[in-house]
Amino acid sequence: MMASACILIILILIIILMTSRIQGMARVVNYAGLVRGKTRRIIKLEDAGMPPDEMIPDVDRYIKGLRFGSEVLDLVSLDDKAFQVKMEELDAYFDTLKQEIDLVLQVGYENTNIIQKSETFFSLCDVATGKHMHKESQHA
């Protein structure tokens with residue numbers, strides 16, 4: 001009876017740990033989606049001449065949280081080398097995109113590469129969240 005109770009307790013603890021890990025991964029996917037969505041909104045508002053400067057630090061915070069974890073965002077850093085490489089690339093490219101956003105303010109979006117650079121950024125977001133794999137598997 002005691003052995004059965006111990007086994008049951010161990011199984012319950014394993015289930016709790018697995019559930020916590022799944023929730024952590026779900027938050028990562030949600031924040032990765034927020035990076036993409038909020039950046040799309042930033043570009044749209046910039047193109048319309050309504051600079052959303054308060055949103056840019058949010059995206060920076062989300063990307064940093066995805067890379068290194070964040071207690072504030074309740075994010076853990078995933079121990080997935082491919083994901084972390086993509087997050088590093090995304091972080092660096094977001095810096096490039098921010099420079100292009102600043103250029104839009106100076107010369108207007110028609111005189112910049114904001115559309116091309118934002119599309120590249122969105123593609124990086126898709127790769128980081130694995131959406132490209134879903135598209136590829138649908139075509140197979």
Side-chain angles (χ1 to χ4, degrees):
M1 184 83 152
M2 184 66 103
S4 295
C6 288
I7 291 173
L8 184 60
I9 290 171
I10 291 171
L11 288 174
I12 289 172
L13 289 175
I14 290 171
I15 290 170
I16 290 170
L17 289 173
M18 289 175 63
T19 302
S20 176
R21 183 181 166 127
I22 289 169
Q23 288 174 337
M25 285 191 274
R27 276 192 296 279
V28 166
V29 171
N30 285 339
Y31 274 101
L34 280 173
V35 167
R36 189 182 200 286
K38 198 163 242 190
T39 304
R40 186 171 292 277
R41 189 164 176 227
I42 289 168
I43 301 304
K44 183 174 80 172
L45 291 172
E46 284 290 347
D47 289 351
M50 303 181 312
D53 296 333
E54 70 281 355
M55 289 185 195
I56 292 172
D58 288 344
V59 174
D60 270 327
R61 203 171 19 260
Y62 298 161
I63 292 172
K64 298 291 189 248
L66 289 165
R67 287 187 67 196
F68 306 112
S70 168
E71 287 184 23
V72 173
L73 300 174
D74 196 20
L75 283 171
V76 294
S77 178
L78 290 184
D79 188 25
D80 180 334
K81 187 172 174 85
F83 178 77
Q84 289 302 330
V85 166
K86 280 298 164 193
M87 292 292 27
E88 187 176 338
E89 187 179 349
L90 196 68
D91 193 7
Y93 202 83
F94 189 63
D95 288 338
T96 301
L97 190 59
K98 287 188 295 188
Q99 292 171 357
E100 200 70 16
I101 289 168
D102 288 340
L103 191 59
V104 167
L105 291 172
Q106 297 169 20
V107 300
Y109 82 92
E110 305 89 356
N111 300 312
T112 67
N113 292 323
I114 191 74
I115 302 300
Q116 175 193 2
K117 287 187 178 189
S118 64
E119 287 301 316
T120 299
F121 182 79
F122 301 143
S123 293
L124 286 172
C125 289
D126 287 346
V127 170
T129 58
K131 289 184 180 181
H132 72 289
M133 292 178 187
H134 298 300
K135 290 176 185 173
E136 289 172 3
S137 65
Q138 289 173 352
H139 295 295

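Rounding to the nearest 0.5 Å places CG of Leu66 at 13.5 Å from CD of Glu88. Considering CD1 of Ile9 and OG of Ser4, their distance stands at 11.0 Å, rounded to 0.5 Å. In this structure, OG1 in Thr96 is found 10.5 Å from CG in Asp91, a value given to the nearest 0.5 Å. The CG atom of Asn30 sits 9.5 Å away from atom CG of Leu75, with the distance rounded to the nearest 0.5 Å. Interatomic distance, Asn113 CG to Leu97 CG, rounded to the nearest 0.5 Å: 11.0 Å. One finds the CG atom of Leu78 at 13.5 Å from the CZ atom of Arg67 (value rounded to the nearest 0.5 Å).
Side-chain contact between Val127 and Glu89 is absent, with no heavy atoms from C-beta onward closer than 4.5 Å. Residues Ile101 and Ile43 are in side-chain contact: their nearest non-hydrogen atoms beyond the backbone lie under 4.5 Å apart. Looking at heavy atoms from C-beta onward, Leu45 lies in side-chain contact with Met55 at the 4.5 angstrom threshold. Between Lys98 and Phe94 there is a side-chain heavy-atom pair separated by less than 4.5 Å. Here the side chains of Phe121 and Val35 are in contact, with some heavy-atom distance below 4.5 Å. No side-chain heavy atom of Thr39 sits under 4.5 Å from any side-chain heavy atom of Ser118. Put simply, the side chain of Arg36 reaches to within 4.5 Å of the side chain of Asp126, judged on heavy atoms. Contact of the Glu46 side chain with the Tyr109 side chain is not registered, since no non-hydrogen atoms from C-beta on lie closer than 4.5 Å.
Residues Gly65 and Ser70 approach most closely at CA-CB, 3.9 Å, considering heavy atoms. Across every non-hydrogen atom of Arg40 and Phe122, the tightest pair is NH2-CD1, 3.2 Å. Contact between Gln84 and Ser77 at its shortest, heavy atoms only, is NE2-OG, 3.5 Å.
There is a path of hydrophobic side-chain contacts, each under 4.5 Å, that joins Tyr93 to Tyr31. In the hydrophobic clustering of ILVMFWY residues, with side-chain heavy atoms under 4.5 Å counting as a link, Phe68 and Tyr62 come out apart. In the hydrophobic clustering of ILVMFWY residues, with side-chain heavy atoms under 4.5 Å counting as a link, Ile42 and Leu103 come out apart. Cluster membership for Ile16 and Leu8, using ILVMFWY side-chain heavy atoms within less than 4.5 angstrom, is shared.
For Asp79, the CG atom counts as loosely surrounded, since its 6.0 Å shell holds 12 or fewer non-hydrogen atoms of other residues, nucleotides or ligands. Around atom CD of Glu71, no more than 12 heavy atoms belonging to other residues, nucleotides or ligands sit under 6.0 Å away.
Scanning for side-chain contact (heavy atoms from CB on, under 4.5 Å) contacts around Ile14 gives Ile10, Met18, with sequence neighbours left out.
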Evaluate the criterion side chain to side chain contact (heavy atoms under 4.5 Å, CB included) for residue pair Val104 and Asn111; output intermediate values, then yes/no. CA-CA 8 Å; Val104 167; Asn111 300 312; over 6 Å; no
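The backbone N or O of Phe83 sits less than 3.5 Å from a side-chain atom of Asp80, completing a donor-acceptor pair.
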